[in-house]
Amino acid sequence: MLAAGQAAACPRPEGWTGGARIDGTLWTAWWRSEPAPIPVGEHFSIRFHLCGPPVGRVGVRGWMPDHRHGMNYRPAVTLDGLSGTAEGLMFHMPGRWQLILDVRGAAGSDKLVAETVPE
């Protein structure tokens, strides 16, 4: 569980415009896509910043819950402390997608889910 006030203590990263926040159990994340909005059928990347305990690994994936399948691509994730990028994502069809950050560290693991619809 997040310590009292930890989620509130995770402000938007300085200099960021746009993007969204995801509150998890152990971590809170800010993320934004490049380009924004996310295009259908074209590669895009995301930048993210986490608040919480130290992070060992972050996996990023897309899931289409209405069709029960994921992406056809596996993004490359680069992590620098609590910030990172994921490159090579593609939402290959229109509709509702979930962007999922699988975060792992010594404190445990967390699955942060953001709902999004590419344009």
Side-chain angles (χ1 to χ4, degrees):
M1 267 284 189
L2 288 173
Q6 185 174 344
C10 189
R12 182 184 307 270
E14 188 173 329
W16 278 41
T17 56
R21 180 173 146 159
I22 315 167
D23 292 319
T25 304
L26 295 170
W27 287 275
T28 294
W30 281 95
W31 72 276
R32 67 179 184 186
S33 68
E34 296 173 357
I38 297 171
V40 174
E42 295 180 26
H43 282 100
F44 67 96
S45 63
I46 67 159
R47 292 184 62 200
F48 59 88
H49 177 77
L50 298 160
C51 298
V55 174
R57 181 178 103 48
V58 176
V60 177
R61 58 194 168 98
W63 179 254
M64 199 168 205
D66 296 335
H67 295 269
R68 295 186 301 270
H69 67 73
M71 297 185 308
N72 294 330
Y73 295 88
R74 183 172 302 201
V77 178
T78 304
L79 187 60
D80 182 12
L82 291 172
S83 295
T85 60
E87 298 182 7
L89 294 106
M90 182 190 292
F91 292 164
H92 57 276
M93 38 187 310
R96 181 173 65 100
W97 284 83
Q98 293 176 332
L99 179 70
I100 302 168
L101 279 68
D102 292 306
V103 185
R104 296 184 190 281
S109 61
D110 214 345
K111 178 178 167 182
L112 306 176
V113 180
E115 298 278 335
T116 187
V117 177
E119 295 182 12

Check your understanding: So does R12 have more than 12 non-hydrogen atoms from other groups sitting under 6.0 Å from CZ?
Key -> yes
Check your understanding: Could you give the distance from OG (S109) to CZ (R104), rounded to the nearest 0.5 Å?
Key -> 5.0 Å
Exercise for review: Cation-pi check, R47 to W31: give yes when NZ or CZ is under 6.0 Å from the six-membered ring centre and within 45° of the ring axis, no otherwise.
Suggested key: no
Revision key, fill the gap. CG (L26) and CG (L50) are apart, to the nearest 0.5 Å, by 11.0 Å
**Study point:** Parallel, tilted or perpendicular: ring planes of H92 versus W97, cut at 30 and 60 degrees
**Key:** perpendicular
Check your understanding: What's the spacing between L89 CG and L99 CG if we round to 0.5 Å?
Key -> 6.5 Å
Practice item. Kindly say whether V103 contributes a backbone atom to a donor-acceptor pair with the side chain of D110 at under 3.5 angstrom? Key: no
Review point. Does the distance from a Lys or Arg side-chain N to an Asp or Glu carboxylate O, for D23 and R21, drop under 4.0 Å?
Key: yes
Practice item. Report whether F48 and I100 are members of the same hydrophobic cluster (ILVMFWY, side-chain heavy atoms less than 4.5 Å apart, transitive linking). Key: no
Check your understanding: Mind checking whether V40 and F44 sit in one hydrophobic cluster, side chains of I, L, V, M, F, W, Y counted as touching below 4.5 Å?
Key -> no
**Study point:** Sub-4.5 Å side-chain heavy-atom contact between F91 and M64
**Key:** no
**Study point:** Over all atoms of both residues, closest heavy-atom pair of G95 and P118
**Key:** O-CD, 3.2 Å
**Study point:** Gap separating the OG1 atom of T78 from the CG atom of D80, nearest 0.5 angstrom
**Key:** 9.5 Å
Review point. Closest approach of P37 and S33, non-hydrogen atoms and distance?
Key: C-OG, 4.3 Å
Review point. Where is the tightest heavy-atom contact between C10 and T28, given as atom of each residue plus distance?
Key: SG-CG2, 3.8 Å
**Study point:** N72 atom CG, over 12 foreign heavy atoms within 6.0 Å
**Key:** yes
Exercise for review: Please check if I22 and W30 belong to a single hydrophobic cluster, counting links between Ile, Leu, Val, Met, Phe, Trp and Tyr side chain heavy atoms closer than 4.5 Å.
Suggested key: no
Check your understanding: Are the side chains of T85 and V77 in touch, meaning some heavy atoms are under 4.5 Å apart?
Key -> no
Exercise for review: State plainly whether the residues D102 and K111 are in salt-bridge range, i.e. N to O under 4.0 Å.
Suggested key: no
**Study point:** Path from M71 to L101 over hydrophobic side-chain contacts below 4.5 Å
**Key:** yes
Check your understanding: For the atom pair CZ (R74) and CE (M90), what is the distance rounded to the nearest 0.5 Å?
Key -> 16.0 Å
Point to revise | Side-chain touch P65/Q98, heavy atoms, less than 4.5 angstrom | key: yes
Check your understanding: Quick one: do I38 and M93 end up in the same hydrophobic cluster if we chain Ile, Leu, Val, Met, Phe, Trp and Tyr together by side-chain heavy atoms under 4.5 Å apart?
Key -> yes
Point to revise | Inter-residue atom distance W16.CH2 - H49.NE2, 0.5 Å rounding | key: 8.0 Å
